[in-house]
Amino acid sequence: MKTSQFHLVTQREVPNDAEIASHQLMLRTGMIRKLTSGIYTWTPLGLKVLRKVEQVVREEMDAAGCLEMLMPSVQPSELWQETGRWEDFGAQLLKMTDRAGREFAFGPTHEEVITEFARGELRSYKQLPVCFYQIQTKFRDEIRPRFGVMRAREFLMKDGYSFHISEDCLGRFYQVMFDTYSRIFERLGLKFKAVTADSGAIGGAVSHEFHVLADSGEDLLAHVPGSSYAANVEQAEAVAQGERAAPTEAMRLVDTPNAHTIAELVEQHNLPIEKTVKTLIVAASEDCEADFIALLVRGDHELNAVKAEKLPQVASPLRMATEEEIRKTIGAGPGSLGPVELPIPAIVDRQVALMSDFGAGANVDHKHYFGINWERDAALPEVADIRNVVAGDAAADGSGNIELIRGIEVGHIFQLGTKYSQSMNAVVMDENGRAQHPTMGCYGIGVSRIVAAAIEQNHDDNGIIWPEPMTPFDVAILPLNGHKSHRVRELAERFYRELRTAGLDVLMDDRNQRPGVMFADAELIGIPHVLVVGDRGLDNGVVEYRRRGGENSELPIEQVREFLTGQLS
RNA sequence: CGGGGUGUAGCGCAGCCUGGUAGCGCAACUGCUUUGGGAGCAGUAGGUCACAGGUUCAAAUCCUGUCACCCCGACCA
C-alpha cells in the first residue's frame with residue numbers, strides 16, 4: 001500500500017476528550033472516529049488491526065474444534081422473557097420496538113439465541129460436545145462509556161457457547177478453552193494473566209478472566225509471584241491472619257469530638273489503625289429481620305461489595321445507608337458507630353473477629369470505646385469474608401503473599417451449568433434414552449478492546465509500538481526526497497515490489513513529505529520495521545533500518561529482503 | 001441515575017464578565033522556496049457561535065428551557 005492510495009489522516013494534537021494513551025493514540029493515528037458517545041467508526045487503518053486480532057482468535061477457536069456461525073444481533077424480547085433477563089439485565093439492554101409494536105433488543109450477548117438454536121438443533125448426546133462461536137458486534141448501553149473502544153457501548157466480541165452431556169465433559173472442555181485463550185493472548189504478543197473471577201450477571205459457578213496487564217487497567221488483580229495463584233480482587237478470598245489475643249485492656253468510653261473518620265481517630269488518639277474497626281451500615285435483604293445491617297471491617301481494610309452482596313442478609317445490589325437512615329436506626333452519626341450495644345444485626349470480617357483491645361464508635365455521637373474485646377464487651381456476630389485483600393495478605397491457597405497488579409479484562413470464560421438450558425427447556429437424549437438439559441459453557445473475548453489494551457501496554461511518547469501479530473503494516477518504506485532523487489525512488493520501489501512479493505504488508509510513504517513528518521507518522525502508527533531510503537545511505541550502499549521500540553542499524557541493500565523476511569517469518 | 005464541567009472552523013483554543021463587522025494556532029487548498037526529525041513566505045477556503053424561546057435598536061456575549069458531549073461514582077468483553 002502506498003500512502004497516496006491509503007487513507008492516512010494523523011493528528012499532531014491530542015484530542016481534548018481522550019484521557020488514556022490508547023484512546024489518544026487511536027484518535028491521533030486515525031484508527032477510529034467517534035460517531036457518538038461510546039460508538040466508533042473503525043477507519044481502514046484501525047480495521048486492519050481489528051481484523052488481525054479477529055483472525056488470531058478465529059484460528060485458535062477453530063483449532064480447538066469450535067464451529068463459527070453468525071447469529072442475529074437483533075433479538076426478540078420473548079427469548080429474554082424466558083430467562084427472565086428482559087428485566088434482570090437492566091438498562092444495559094438496548095430495547096427497541098418494530099412497526100407492529102413488538103419489542104426487541106440489540107444483543108449484548110447471545111445465551112438466549114444460542115440456546116434457542118440448540119433446542120432446535122441438538123437432539124442427542126451423540127451431537128455433543130459441541131461449541132459454537134461467532135465474532136460479532138454487540139451493544140451494551142453502558143452507564144458511562146469511556147476510554148474510546150476500551151469501554152464502548154458498541155463493540156466487537158467473540159462469544160462462544162459449548163454444550164455437554166455431563167459436568168465432567170464441560171470441565172474438560174473448559175480447560176481446553178482456558179488453554180486456547182492463553183494461546184490467543186500469547187500469539188498476540190501481550191503480557192496477560194488469567195485470574196479466577198466473579199461470574200456476575202452471566203451466571204454460573206466456575207469462571208476465569210483474562211487480563212492484559214497495564215497500569216491504566218480498571219481491574220485490580222491479586223497474585224502471588226512465582227505461584228499459580230491469581231484472582232480478581234472482587235473475588236479473591238481474604239484469609240484472616242494470626243489468632244485472637246487475650247484481652248489486656250479494660251473497655252473505656254473516650255470523648256472523640258473531632259474524630260469522624262478512622263484517619264482522624266488514629267491521628268488524634270494515638271491508636272494504631274490495625275486496632276480500629278470501621279462499621280458500615282447497608283440495606284438488609286428481605287430475608288433479614290431488620291431493615292439495615294452493619295458490616296465491620298478493620299480500619300485499614302475496604303469492604304468488598306461483591307462479597308457483601310452475596311451474603312443472604314444483605315440487599316443486592318449493595319446500598320449504603322444514608323446518614324439520615326443511620327441516625328434514625330442507631331441514634332448516632334456514621335463517624336461514631338461500633339459493635340458495642342449495636343441495635344441492628346452485624347456481620348464482621350474474619351480479621352475483625354480475631355481482634356482484641358480494639359477501638360470503635362460507641363454508637364453515641366463524639367464517643368468511641370477503646371479496649372473492646374469480643375465476648376467480654378460484645379457478642380461476636382456472624383463472621384464472613386467481606387473485605388478486599390491487600391498487598392501482603394496470605395493467599396487463600398497458602399502459596400505465599402499477595403501482590404496487587406492492574407489489568408484490562410479482555411476475556412472471560414464461564415461454566416454456566418444448566419441455567420439457560422433449563423429455563424429455556426433445551427434437552428437432548430442421553431445414552432439411556434432420558435431427556436437431559438445439556439450443561440453449558442460460555443466464552444467471551446473483547447476483540448475491539450484487545451486493540452486498545454495492546455496499545456495501552458505497548459506505546460511510548462512517539463506513539464504505538466505494535467506487537468507484530470497485530471500491526472497494520474509489517475514494514476514502512478520511507479524514501480527521503482524521493483521526488484528529487486531517481487535512485488532513492490527506484491530503490492524504494494524495488495523494495496516495495498520485493499517485499500510485497502515476499503508476502504509482507506508494506507506501507508510506502510510516497511507523499512513527498514519532509515523526513516520529519518514521515519518519521520513521526522511511521523512511529524505514531526507503530527509500524528514495527530522501518531526502512532529509510534536516502535541518498536546519504538545509498539552513497540555507502542546501505543539503507544537505514546529502524547526497529548520500532550528497538551535499535552537502529554544499517555543494512556547493505558542486497559541484504560534487506562532476506563533480513564526482513566527473516567525478521568517476520 | 002446522582003455529582004461536576006463544556007458546547008465558537010476538521011482538531012486545540014481565545015472572545016462572553018463590560019452586548020455593536022467572529023478571531024488565533026494546527027490541519028486543508030494554491031504558488032514559490034525548502035527537504036535526515038512534525039519547514040518558510042505569500043495567498044485561499046472553511047462558522048445558522050449546540051438548539052429553541054426571551055430581553056434589546058442590536059445577542060457568541062444577558063435571561064429561561066432543551067439537547068449533546070466530557071469528567072467523578074455503581075456495571076462489564
Side-chain angles (χ1 to χ4, degrees), chain A residues 9-20 23-24 27-28 30 33-39 53 57 89-93 108-110 135-160 181 197-202 209-212 218-219 232 234 305-306 309 316-320 322 407-414 442-453 462-463 478-485 488 511-524 532-538 543-544 546 552:
Chain A
V9 182
T10 58
Q11 283 169 239
R12 198 190 317 192
E13 290 181 47
V14 179
N16 182 34
D17 55 6
E19 298 278 308
I20 59 170
H23 188 196
Q24 291 175 353
L27 289 169
R28 288 186 56 206
R33 296 293 178 214
K34 184 169 79 175
L35 181 62
T36 184
S37 180
I39 300 182
V53 175
V57 171
F89 213 88
Q92 276 207 61
L93 193 61
T109 177
H110 280 65
I135 297 174
Q136 188 206 37
T137 297
K138 300 282 192 269
F139 194 98
R140 292 184 190 173
D141 198 357
E142 292 284 341
I143 298 163
R144 188 149 96 81
R146 59 184 136 174
F147 303 149
V149 298
M150 186 79 89
R151 180 187 294 272
R153 295 197 291 173
E154 187 178 293
F155 58 99
L156 191 67
M157 176 171 165
K158 187 283 298 176
D159 50 325
Y181 273 41
D198 180 60
S199 56
I202 307 284
E209 290 169 350
F210 288 78
H211 288 261
V212 167
E218 291 187 90
D219 281 303
N232 195 307
E234 279 182 349
V306 172
E309 269 175 17
S316 178
L318 189 75
R319 184 177 75 79
M320 301 294 286
T322 62
I408 300 163
E409 186 187 354
V410 290
H412 201 157
I413 59 177
F414 307 79
C442 148
Y443 318 94
I445 288 184
V447 177
S448 44
R449 181 180 281 182
I450 285 176
V451 176
N462 295 324
L478 309 185
L480 302 189
N481 300 316
H483 62 293
K484 271 199 171 171
S485 166
V488 164
R511 291 179 297 178
N512 284 349
Q513 279 286 3
R514 298 169 65 87
V517 175
M518 292 199 277
F519 293 143
D521 274 344
E523 281 158 11
L524 180 64
V532 183
V533 183
D535 277 315
R536 192 198 282 176
L538 295 200
V543 293
E544 186 175 337
R546 299 185 171 199
N552 299 345

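When reading the values below, keep in mind they use all heavy atoms of this one structure, side chains included, and skip hydrogens, waters and symmetry mates. The chains referred to below are lettered A, B, ... by the order of the sequence lines, with proteins before strands, and numbering in each begins at 1.
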Looking at [N], which nucleotide sits across from it as a Watson-Crick or G-U wobble partner, both distances under 3.5 angstrom, or is there none?
N: B:rA45; value: none
N: B:rA9; value: none
N: B:rA39; value: B:rU33
N: B:rG20; value: B:rC57
N: B:rU64; value: B:rA52

Legend entry - A:Asp521 vs A:Gln11, nearer the 5' end of RNA chain B by closest nucleotide: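 The answer here is A:Gln11.
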Legend entry - A:Ala520 or A:Pro15, whichever maps to the more 5' nucleotide of RNA chain B: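 The residue closer to the strand's 5' end, by nearest nucleotide, is A:Pro15.
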Rounded to whole angstrom, note down the [atom1] distance from [N] over to [M].
N: B:rU48; M: B:rA9; atom1: C1'; answer: 13 Å
N: B:rG4; M: B:rA45; atom1: P; answer: 45 Å
N: B:rC16; M: B:rU44; atom1: C1'; answer: 30 Å
N: B:rA77; M: B:rG25; atom1: C1'; answer: 40 Å
N: B:rG65; M: B:rA74; atom1: C1'; answer: 30 Å
N: B:rG10; M: B:rG54; atom1: P; answer: 29 Å
N: B:rC72; M: B:rC13; atom1: C1'; answer: 24 Å
N: B:rU61; M: B:rG20; atom1: P; answer: 10 Å

To the nearest angstrom, how far is [X] atom [atom1] from [N] atom [atom2]?
X: A:Gln92; N: B:rA77; atom1: CD; atom2: C1'; answer: 11 Å
X: A:Phe210; N: B:rC76; atom1: CZ; atom2: P; answer: 19 Å
X: A:Asp141; N: B:rC1; atom1: CG; atom2: C1'; answer: 12 Å
X: A:Arg511; N: B:rA39; atom1: CZ; atom2: C1'; answer: 15 Å
X: A:Phe89; N: B:rA77; atom1: CZ; atom2: C1'; answer: 11 Å
X: A:Met518; N: B:rA39; atom1: CE; atom2: C1'; answer: 13 Å
X: A:Gln24; N: B:rG12; atom1: CD; atom2: P; answer: 12 Å
X: A:Lys138; N: B:rC76; atom1: NZ; atom2: C1'; answer: 14 Å

Donor-acceptor pair, distance only, cut-off 3.5 Å: does the side chain of [X] make one with the backbone of [Y]?
X: A:Tyr443; Y: A:Gly411; answer: no
X: A:Ser448; Y: A:Leu156; answer: yes
X: A:Arg140; Y: A:Pro108; answer: yes
X: A:Arg33; Y: A:Leu27; answer: yes
X: A:Arg449; Y: A:Glu409; answer: yes
X: A:Thr36; Y: A:Ile39; answer: no
X: A:Gln24; Y: A:Ala18; answer: yes

Considering only NZ, NE, NH1 and NH2 on the basic side and carboxylate oxygens on the acidic side, decide whether [X] and [Y] come within less than 4.0 Å.
X: A:Arg146; Y: A:Glu19; answer: no
X: A:Glu544; Y: A:Arg536; answer: no
X: A:Asp159; Y: A:Lys138; answer: yes

Give [X] one of three labels, base, sugar-phosphate or nothing, depending on what nucleic acid heavy atoms sit under 4.0 Å from its own.
X: A:Ala522; value: nothing
X: A:Glu523; value: base
X: A:Val410; value: sugar-phosphate

Legend entry - Base of B:rG38 paired with side chain of A:Arg28 (donor-acceptor, under 3.5 Å):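 Result: at least one qualifying N/O pair found.
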Inset, instruction - Please tell me if the side chains of A:Ile413 and A:Tyr181 come closer than 4.5 Å, counting only heavy atoms from C-beta onward. - result: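 Yes - at least one pair of side-chain heavy atoms lies under 4.5 Å apart.
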Legend entry - Validation row: A:Arg511, A:Gln513 side chains within 4.5 angstrom (heavy atoms):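 Yes, side chains in contact.
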Inset, instruction - Say whether A:Asp141 and A:Gln92, considering side chains only, have a donor N or O and an acceptor N or O under 3.5 Å apart. - result: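 Short answer, no.
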Between protein and nucleotides 32-36 of chain B, what N or O pairs are separated by less than 3.5 Å?
residue	atom	partner	partner atom	Å
B:rU34	O2	A:Arg514	NH1	2.6
B:rU35	O2'	A:Asn481	OD1	2.3
B:rU35	O2'	A:Asn481	ND2	2.3
B:rU35	O2	A:Asn481	OD1	3.3
B:rU35	O4	A:His483	NE2	2.7
B:rG36	O2'	A:Arg536	NH2	2.5
B:rG36	N1	A:Glu544	OE1	3.2
B:rG36	N2	A:Glu544	OE1	2.1
B:rG36	N2	A:Glu544	OE2	3.4
B:rG36	N2	A:Arg546	NH2	3.4

Could you list the protein-to-nucleotides 23-25 of chain B atom pairs, N/O on both sides, closer than 3.5 Å?
residue	atom	partner	partner atom	Å
B:rG25	N2	A:Glu13	OE1	3.4
B:rG25	N2	A:Glu13	OE2	3.1

Inset, instruction - For side chain to side chain contact (heavy atoms under 4.5 Å, CB included), just list the numbers for A:Met157 and A:Gln136, CA-CA rounded to whole Å, side-chain angles, deciding distance to a tenth of an Å, and then say yes or no. - result: CA-CA 6 Å; A:Met157 176 171 165; A:Gln136 188 206 37; over 6 Å; no
Inset, instruction - Using a 4.0 Å cut-off on protein heavy atoms (strictly under), produce a 5'-to-3' string for nucleotides 69-74 of chain B with B for base contact, S for backbone-only sugar-phosphate contact, and - for none. - result: SSBBBB
